[in-house]
Chemist: 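One structure, pasted below without further comment.
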Amino acid sequence: MSEAPFSPFDRRAMARALELAALGLQTAHPNPRVGCVIARGEQIIGEGWHVRAGEPHAEVHALRAAGAAASGATAYVTLEPCSHHGRTPPCAQALLDAGIGRVVFALGDPNPRVNGGGARLLQEGGVPVQSGLLQAEAAELNVGFLKRMRTGRPWVRVKLAMSLDGRTALADGQSHWITGPAARQDVQLWRARSGAVLTGIGTVLADDPRLDVRLDDPPGGARPPQLRVVVDSQLRTSPQARLFSIPGPVLVVGRAPPPAEAQAFARRRAALEAHATVETLPAAGGRVLLEALLEALGRREINELWVESGPTLAGALLAEGWADELILYVAPRLLGPQSRPLVHLPALERLQDSAWFDIISSEPMGADLRVRLRPRQPFQEDN
């Protein structure tokens, strides 16, 4: 592939392709979000983006918009064009068939079924190919897809909400709407872009949440409901839980019971299976192993996992290094030292052993503040 420098128009065209790709933020799952711009000289003649799995990819939409004028033009794509037959035919071949004269893509596709194959197919067909333009921006748009392709696990975002003194609820558990309407609406947008929403049995028993997406006008249009997941080692989730009061898939994850509990466990499982998929995973110390859970969700093609849980599950994800990102909502109020803490973490003997994070962004949400953070020392992919 060519390493020639990119022109100012190349950058503008790829930036536009990224804007198009972002239109699929809530709808493209489990596929990556991809945008495509086709231009002759410095005139854009076709645009497209991938709306949802099973429908045409961004390149096909852009080629249809450009028509015969696509012959000899340049295609700007945010991800390497695919080279395999999946739910749709290969886009690299569609570009060749249209007579595209040059292809610029932002980021290589780590999918083992592509992984350079699209670029090779184009080059073997005589089309000059360049890559790496606005690569970081393209990677950020698809952090979950990229991680799942590389590790088999989703990108894990842990949502937390706290007072100024780091508390989440009063000592008796009162926590209703610690943050305001703007922050709560923002949570709905994050749920909508995630492939699954995860919570623990403690939250289900205490709060009886629905964990659904409540948006009157979802960006990108309607999309299938997210998978809602409950980590419930002993299958204590009630068949009458509000999780089951609305349409959409629910997965309850437990552990294989000891022999003395097998009969009662089987009864609880049978009752839940009328409403949800129940899966048992490896456990240690009576708790489902988080690594096994994340790998199971990866097999279900979950790219981005949104975690809304109590301090135990959130703390375990942080302590074991499975959290890729924190979304922290800070309410401008004080709850006092007797109130409940943000997360449960193991005691530290040395200050230098504490977890450090980089602030990615901070943004007011009405009267509250949303802070996005990522681990300062990236967790190893084989953790």
Chemist: Could you check Leu251 against Leu297 for side-chain contact (heavy atoms from CB on, under 4.5 Å), going step by step and ending with a plain yes or no?
Modeler: CA-CA 10 Å; Leu251 172 65; Leu297 293 177; 4.1 Å; yes
Chemist: Tell me if a side-chain donor or acceptor on Thr203 pairs with a main-chain N or O of Gly310 at a distance below 3.5 Å.
Modeler: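 Flag set: sc Thr203 to bb Gly310 pair under 3.5 Å.
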Chemist: In Å, rounded to the nearest 0.5 Å, how long is the span from OG of Ser194 to CG of Leu189?
Modeler: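 These two atoms lie 10.5 Å from each other.
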Chemist: So, His50 side chain and Pro56 main chain: donor-acceptor pair closer than 3.5 Å or not?
Modeler: yes
Chemist: Of all residues at least two apart in sequence or in a different chain, which pass the side-chain hydrogen bond (donor to acceptor under 3.5 Å, both in side chains) check with Arg242?
Modeler: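 Partners of Arg242 by the side-chain hydrogen bond (donor to acceptor under 3.5 Å, both in side chains) criterion come out as none, since no residue qualifies.
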Chemist: Going by the angle between their ring planes, with limits at 30° and 60°, are Trp306 and Trp190 parallel, tilted or perpendicular?
Modeler: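 Trp306 and Trp190: parallel rings.
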Chemist: Same hydrophobic cluster for Val229 and Ile327, using side-chain heavy-atom links shorter than 4.5 Å among ILVMFWY?
Modeler: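 Not linked; separate clusters.
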Chemist: Glu80 side chain to Ala119 main-chain N or O, any donor-acceptor pair under 3.5 Å?
Modeler: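 A pair under 3.5 Å: yes.
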Chemist: Please name the pair of heavy atoms, one in Ser309 and one in Ala314, separated by the smallest distance, quoted to 0.1 Å.
Modeler: OG-N, 3.4 Å
Chemist: When clusters are formed by joining ILVMFWY residues with side-chain heavy atoms under 4.5 Å apart, either directly or through shared neighbours, do Val330 and Val158 land in the same one?
Modeler: yes
Chemist: With a 3.5 Å cut-off and sequence neighbours excluded, list the donor-acceptor pairs that the side chains of residues 273-284 form with protein atoms.
Modeler:
| unit_1 | atom_1 | unit_2 | atom_2 | d |
| --- | --- | --- | --- | --- |
| Glu273 | OE2 | Arg269 | NE | 2.9 |
| Glu279 | OE1 | Arg300 | NH2 | 3.1 |

Chemist: Just checking Leu164: does its CG atom have more than 12 heavy atoms from other residues, nucleotides or ligands closer to it than 6.0 angstrom?
Modeler: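 Yes.
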Chemist: Under 4.5 Å between side-chain heavy atoms, counting indirect links through other Ile/Leu/Val/Met/Phe/Trp/Tyr residues: same cluster for Leu317 and Val288 or not?
Modeler: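 Yes; tracing contacts between hydrophobic side chains, which count when under 4.5 Å, links both residues.
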Chemist: To the nearest 0.5 Å, how far apart are OG1 in Thr78 and CG in Leu133?
Modeler: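 Atom-to-atom, Thr78:OG1 and Leu133:CG are 11.0 Å apart.
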Chemist: Mind running side-chain contact (heavy atoms from CB on, under 4.5 Å) on Leu243 and Val230 for me, showing each step along the way?
Modeler: CA-CA 10 Å; Leu243 283 166; Val230 181; 3.4 Å; yes
Chemist: Nearest 0.5 Å, what's the OG1-CZ distance between Thr27 and Arg193?
Modeler: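 The distance works out to 12.0 Å.
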Chemist: Have Arg167 and Gln338 got a donor and an acceptor in their side chains that come within less than 3.5 Å?
Modeler: no
Chemist: Once you round to the nearest 0.5 Å, how far does OH of Tyr329 lie from CE of Met365?
Modeler: 6.5 Å
Chemist: Would you say the side-chain atoms of Arg255 pair up with the backbone N or O of Gly286, donor to acceptor, closer than 3.5 Å?
Modeler: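 Yes.
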Chemist: Could you work out, with side-chain hydrogen bond (donor to acceptor under 3.5 Å, both in side chains) as the rule, every residue matching Ser7, not counting sequence neighbours?
Modeler: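 With neighbours one apart ignored, the set is Asp10.
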Chemist: Looking at Gly132 and Phe6, what are the two nearest heavy atoms and their distance?
Modeler: C-CE1, 4.4 Å
Chemist: Using atom types as modelled and distance alone, determine if a side-chain donor or acceptor of Arg157 lies under 3.5 Å from a backbone N or O of Glu304.
Modeler: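 No, Arg157 side chain to Glu304 backbone: no donor-acceptor pair under 3.5 Å.
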Chemist: Trp322 and side-chain contact (heavy atoms from CB on, under 4.5 Å): which partner among Leu290, Leu305, Leu293?
Modeler: Leu290
Chemist: Compare every heavy atom of Arg148 with every heavy atom of Asn303, then report the nearest pair and how far apart it is.
Modeler: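 Result for this residue pair: OD1-NE, 2.6 Å.
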Chemist: Can you check salt bridge (charged side-chain N to carboxylate O under 4.0 Å, His left out) on Asp358 and Arg376, steps first, answer last?
Modeler: CA-CA 5 Å; Asp358 288 320; Arg376 179 164 294 184; 2.9 Å; yes
Chemist: For Ala355, what residues pass the side chain to side chain contact (heavy atoms under 4.5 Å, CB included) criterion, not counting sequence neighbours?
Modeler: Phe357
Chemist: side-chain contact (heavy atoms from CB on, under 4.5 Å), that's the test. Do Val156 and Leu294 meet it? Break it down for me.
Modeler: CA-CA 9 Å; Val156 179; Leu294 296 177; 3.8 Å; yes
Chemist: Under 3.5 Å, side chain of Arg184 to main-chain N/O of Thr179, donor-acceptor pair present?
Modeler: yes
Chemist: Are Leu235 and Leu205 grouped together when hydrophobic residues (ILVMFWY) are joined by side-chain heavy atoms under 4.5 angstrom apart?
Modeler: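 Leu235 clusters together with Leu205.
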Chemist: Return yes if some donor-acceptor pair links the side-chain N/O of Gln226 with the main-chain N/O of Arg191 below 3.5 Å, else return no.
Modeler: yes
Chemist: Taking all non-hydrogen atoms of both residues, which atom of Ala92 and which atom of Gly118 are closest, and how far apart?
Modeler: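 The answer is CB-O, 3.9 Å.
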Chemist: Which other residues end up in the same hydrophobic cluster as Ile246, if Ile, Leu, Val, Met, Phe, Trp and Tyr are linked when side-chain heavy atoms come under 4.5 Å apart?
Modeler: none
Chemist: Mind checking whether Leu227 and Phe244 sit in one hydrophobic cluster, side chains of I, L, V, M, F, W, Y counted as touching below 4.5 Å?
Modeler: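 In one cluster: no.
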Chemist: Would you compute the distance between atom OG1 of Thr199 and atom CG of Leu313 and round it to the nearest 0.5 angstrom?
Modeler: 7.0 Å
Chemist: Any sub-3.5 Å donor-acceptor pair from Asn142's side-chain atoms to Leu146's backbone N or O?
Modeler: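 Flag not set: sc Asn142 to bb Leu146 has no pair under 3.5 Å.
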Chemist: To the closest 0.5 Å, what do you measure between CD (Glu19) and CD (Glu47)?
Modeler: 9.0 Å
Chemist: Check side-chain hydrogen bond (donor to acceptor under 3.5 Å, both in side chains) between Lys147 and all other residues, then give those that pass, not counting sequence neighbours.
Modeler: Asp324
Chemist: Ignoring hydrogens and angles, tell me if any N or O in the side chain of Asp368 forms a donor-acceptor pair with the backbone of Gly180 under 3.5 Å.
Modeler: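 Checked: pair present.
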Chemist: Would you find a donor on one side and an acceptor on the other, under 3.5 Å apart, between the side chain of Asp109 and the backbone of Asn111?
Modeler: yes
Chemist: Go through the steps for Leu328 and Met162 under the test side-chain contact (heavy atoms from CB on, under 4.5 Å), then give the verdict.
Modeler: CA-CA 8 Å; Leu328 177 65; Met162 70 176 195; 3.9 Å; yes
